[in-house]
Amino acid sequence: MKILKLTEFWNTPIISLPAGHLKLVEIGRALMADAKMVILDEPICGVSPKLANEIFQHITELRDEQGLTFLVIEHRLDIALPFADYVYVMHNGKVISEGTPEQVIGDPLVKKVYVGE
């Protein structure tokens with residue numbers, strides 16, 4: 001709870017927590033299981049941009065300080081990309097591009113598929 005700055009909620013029923021804090025609790029559960037790799041499916045879905053950035057800051061800190069690996073599936077690229085080390089872009093179940101965030105954003109196929117021509 002300290003690592004994820006959730007101590008103020010120590011006695012709050014989980015069902016009463018806001019969506020963003022529930023996402024942090026999910027990460028905390030993985031930490032309690034001594035996970036070395038954490039897979040998160042849309043960890044900022046339904047979360048305000050401010051809290052979404054805080055969630056990714058926690059992920060970055062855990063990666064840097066505890067050596068954890070995170071595989072994050074996310075559609076809100078405007079928030080997620082600045083925190084990403086490496087990106088895979090999928091379309092119709094196939095990887096169509098991979099690389100650094102800058103490489104993927106500059107990929108003409110990614111632009112065609114996701115932005116349009």
Side-chain angles (χ1 to χ4, degrees):
M1 291 184 82
K2 286 180 185 176
I3 291 171
L4 297 169
K5 297 178 179 64
L6 291 171
T7 53
E8 67 183 278
F9 302 107
W10 75 271
N11 199 25
T12 304
I14 250 184
I15 199 159
S16 302
L17 291 176
H21 291 93
L22 282 173
K23 306 291 183 168
L24 292 172
V25 168
E26 292 171 11
I27 293 170
R29 290 172 59 187
L31 295 175
M32 290 182 352
D34 201 29
K36 302 298 179 222
M37 180 177 186
V38 180
I39 301 172
L40 300 171
D41 186 13
E42 298 192 45
I44 59 172
C45 179
V47 175
S48 72
K50 181 181 183 292
L51 187 53
N53 277 297
E54 288 178 25
I55 289 170
F56 274 109
Q57 287 169 358
H58 283 297
I59 291 169
T60 302
E61 289 169 9
L62 290 167
R63 179 200 64 201
D64 295 345
E65 295 171 8
Q66 297 192 19
L68 296 175
T69 298
F70 286 87
L71 173 62
V72 179
I73 300 152
E74 186 54 62
H75 293 92
R76 292 173 66 186
L77 298 182
D78 58 321
I79 296 172
L81 279 181
F83 295 95
D85 295 320
Y86 200 82
V87 178
Y88 294 90
V89 178
M90 296 184 73
H91 180 65
N92 291 332
K94 295 187 171 63
V95 175
I96 61 167
S97 184
E98 66 177 276
T100 66
E102 296 79 17
Q103 290 170 323
V104 169
I105 290 298
D107 186 326
L109 181 56
V110 171
K111 289 179 182 179
K112 178 181 176 186
V113 169
Y114 286 98
V115 180
E117 294 188 62

Separation between [atom1] of [X] and [atom2] of [Y], rounded to the nearest 0.5 Å:
| X | Y | atom1 | atom2 | value |
| --- | --- | --- | --- | --- |
| Leu40 | Cys45 | CG | SG | 13.0 Å |
| Asp41 | His75 | CG | NE2 | 8.0 Å |
| Glu102 | Leu81 | CD | CG | 8.5 Å |
| Ile55 | Ile79 | CD1 | CD1 | 9.5 Å |
| Ile59 | Glu61 | CD1 | CD | 10.5 Å |

Angle between ring planes, His91 versus Tyr114, binned at 30° and 60°: parallel, tilted or perpendicular? perpendicular

For residues [X] and [Y]: do they belong to one hydrophobic cluster (side chain heavy atoms under 4.5 Å, members Ile, Leu, Val, Met, Phe, Trp, Tyr)?
| X | Y | value |
| --- | --- | --- |
| Val104 | Tyr88 | no |
| Val47 | Leu62 | yes |
| Ile73 | Leu77 | no |
| Trp10 | Leu24 | yes |
| Met90 | Tyr86 | yes |

Is any side-chain heavy atom of [X] less than 4.5 Å from a side-chain heavy atom of [Y]?
| X | Y | value |
| --- | --- | --- |
| His58 | Ile27 | no |
| Leu68 | Leu31 | yes |
| Ile105 | Val110 | no |
| Arg63 | Asp85 | yes |
| Phe83 | Val72 | no |
| Arg76 | Pro49 | yes |

So, for [X] and [Y], which heavy atoms are closest and what is the spacing to 0.1 Å?
| X | Y | result |
| --- | --- | --- |
| Pro43 | Glu74 | CD-OE1, 3.2 Å |
| Pro82 | Asp78 | CD-O, 3.7 Å |
| Gln103 | Thr100 | OE1-N, 2.7 Å |
| Phe56 | Ala80 | CZ-CB, 3.7 Å |
| Pro101 | Ala84 | CG-O, 3.5 Å |

Using a cut-off of 6.0 Å, state whether more than 12 heavy atoms not belonging to Arg29 lie near its atom CZ. no

Test Leu51 against Lys23 for side-chain contact (heavy atoms from CB on, under 4.5 Å), laying out the working first. CA-CA 10 Å; Leu51 187 53; Lys23 306 291 183 168; over 6 Å; no

